[in-house]
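This report concerns only the one structure given below.
Note that the structure is a prediction, hence the values are computed from the model and not measured.
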Amino acid sequence: NGCKKKLPLGSTIHGCRSCNYDVCDDCFAAAAVSPNEWKQVLNCTPDIITDGEMVVLRVQPGLNSFSNAVKDAKRRGISNLCLENGVHDEKGEQVVIDFPLKVIGKNKDDVEIRASVVVEGKKEEDVWLICCTVTGANGPGVWGNGGAAVHLNQVCVEKCDFGVVVRSTTRNTMTDCNVQYNKYSGLKVDCGGRSNRQVQNRDGAYNGCMTIRGSATTIHHNVTSRK
């Protein structure tokens, strides 16, 4: 994977099975000179989990851990993130997901994403948030911004400027979720600022919709700013 050269049978290579990444003797030696270039090999951590055909990127908590994992998953063609217990801290700033992705926390109460999760991408795609808490967002906790469908399952969205906002998308779902203690709104469904007449066009292009499911779903104690 380094120099791309063809090696004869019996050659020694150095590799990481989790990363599916191999280098020859020469490239491995060069890593001592330029470790950043080969950090996949030298600093490899078992962050890839395989379960049959499903590949999952495991994400440890920390500053910018979530945004870095989203970028890494897109680069590596991985469509599943597993968030370890702890705080995945983005200081309340936006993290944009514009490709099909499932974000799965180990436990809703123990996995915190301190970010505004913005879902874009193509309308036929799906982005899932499962078993986690989104909190402290400077803006919507979860924002479906006219692209892929947003699916929330056992997610708590709390103490954000806005709770859940979906715009100009119709396949969104919430199942057994809690939206609470957000500053300006709990759940907001809009049509991208277009007039009511445009919303009612037969093609439905500008409609917004959120389907709410599950007896455990609650939306309460929002608009804490009283404005």
Side-chain angles (χ1 to χ4, degrees), residues 1 15-22 39-41 43-90 93-108 110-135 137 140-157 164-177 209-211 213-214:
N1 294 112
C16 170
R17 186 168 297 173
S18 294
C19 294
N20 190 28
Y21 196 91
D22 302 289
K39 64 182 179 180
Q40 263 189 298
V41 176
N43 295 320
C44 179
T45 58
D47 59 347
I48 299 291
I49 308 166
T50 57
D51 183 5
E53 295 183 356
M54 186 171 70
V55 179
V56 181
L57 179 63
R58 186 165 58 189
V59 185
Q60 299 295 335
L63 184 62
N64 299 326
S65 58
F66 181 54
S67 58
N68 289 335
V70 169
K71 294 173 186 175
D72 200 19
K74 185 175 182 179
R75 178 180 62 84
R76 297 162 80 169
I78 295 173
S79 57
N80 300 280
L81 299 182
C82 177
L83 304 188
E84 297 288 337
N85 290 343
V87 178
H88 299 262
D89 194 357
E90 303 290 333
E93 298 304 310
Q94 289 188 354
V95 176
V96 177
I97 302 174
D98 58 1
F99 63 103
L101 185 67
K102 283 187 178 180
V103 179
I104 307 167
K106 280 203 165 182
N107 186 298
K108 181 177 78 170
D110 296 327
V111 175
E112 281 192 10
I113 303 173
R114 292 184 181 172
S116 176
V117 181
V118 181
V119 176
E120 297 183 350
K122 300 176 182 178
K123 287 186 179 292
E124 64 270 20
E125 296 174 339
D126 297 276
V127 173
W128 292 78
L129 290 180
I130 303 170
C131 290
C132 59
T133 293
V134 179
T135 186
V142 179
W143 184 12
N145 190 24
V150 178
H151 303 287
L152 308 177
N153 193 315
Q154 299 181 61
V155 172
C156 178
V157 181
V164 178
V165 178
V166 292
R167 171 183 177 272
S168 302
T169 56
T170 60
R171 297 189 300 108
N172 310 291
T173 62
M174 290 172 54
T175 304
D176 292 333
C177 293
C209 181
M210 171 65 78
T211 300
R213 301 172 177 149

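Residue V70 comes nearest to F99 through the heavy atom pair O-CZ, 3.6 Å, listed as atom of the first residue, atom of the second, then distance. Nearest heavy-atom pair across N172 and A148 is OD1-O, 4.4 Å. The two residues A137 and A115 have their closest heavy-atom pair at CB-O, 3.4 Å. Closest approach of A73 and L101 over heavy atoms only: CB-CD1, 4.4 Å. Smallest separation of non-hydrogen atoms from P100 and S79: O-CB, 3.8 Å. Across all their heavy atoms, V56 and L81 have their closest contact at CG1-C, 4.1 Å.
Between L83 and V59 the shortest side-chain heavy-atom distance falls below 4.5 Å. Put simply, the side chain of T175 does not reach to within 4.5 Å of the side chain of Q154, judged on heavy atoms. The shortest distance between side-chain heavy atoms of D72 and L57 falls below 4.5 Å. Put simply, the side chain of V150 reaches to within 4.5 Å of the side chain of V142, judged on heavy atoms. V119 is not listed as a side-chain neighbour of W143, based on a closest heavy-atom distance of 4.5 Å or more. Looking at heavy atoms from C-beta onward, L152 lies out of side-chain contact with W128 at the 4.5 angstrom threshold. Two residues are said to be in side-chain contact when any heavy atoms from C-beta on lie closer than 4.5 Å; N80 and V55 fail this criterion. Residues K74 and D98 are in side-chain contact: their nearest non-hydrogen atoms beyond the backbone lie under 4.5 Å apart.
Here CG of N64 is found 7.5 Å from NZ of K71. Values are rounded to the nearest 0.5 Å. Between the SG atom of C177 and the CD1 atom of I130 there is a distance of 10.0 Å, given to the nearest 0.5 Å. Atom CG of N85 and atom CD of Q60 lie 10.0 Å apart (nearest 0.5 Å). Note: R58 CZ to I104 CD1 = 13.5 Å, rounded to the nearest 0.5 Å. Expressed to the nearest 0.5 Å, how far NZ of K108 lies from SG of C132 amounts to 10.0 Å. Once rounded to the nearest 0.5 Å, the distance linking SG of C156 with CD1 of I113 reads 11.5 Å.
E90 and S67 share a side-chain donor-acceptor pair at under 3.5 Å. A donor-acceptor contact closer than 3.5 angstrom links the side chains of D126 and H151.
For R171 (side chain) and E125 (main-chain N/O), a donor-acceptor pair under 3.5 Å exists by modelled atom type. Not a single donor-acceptor pair under 3.5 Å links the side chain of S116 to the backbone N or O of E93. Distance alone, capped at 3.5 Å, places no donor-acceptor pair between the K123 side chain and the A149 backbone.
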Full working for side chain to side chain contact (heavy atoms under 4.5 Å, CB included) between M210 and M174: CA-CA 7 Å; M210 171 65 78; M174 290 172 54; 3.3 Å; yes
Take I97 and V118 through the test side chain to side chain contact (heavy atoms under 4.5 Å, CB included) and record every step on the way to the result. CA-CA 6 Å; I97 302 174; V118 181; over 6 Å; no
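Remark: K122 pairs with no residue by the side chain to side chain donor-acceptor pair (under 3.5 Å) rule, at least two apart or across chains. With sequence neighbours excluded, the residues that form a side chain to side chain donor-acceptor pair (under 3.5 Å) with S65 are H88. Legend: residues meeting side chain to side chain donor-acceptor pair (under 3.5 Å) with E120, ordered by chain and number and at least two apart, are N145.
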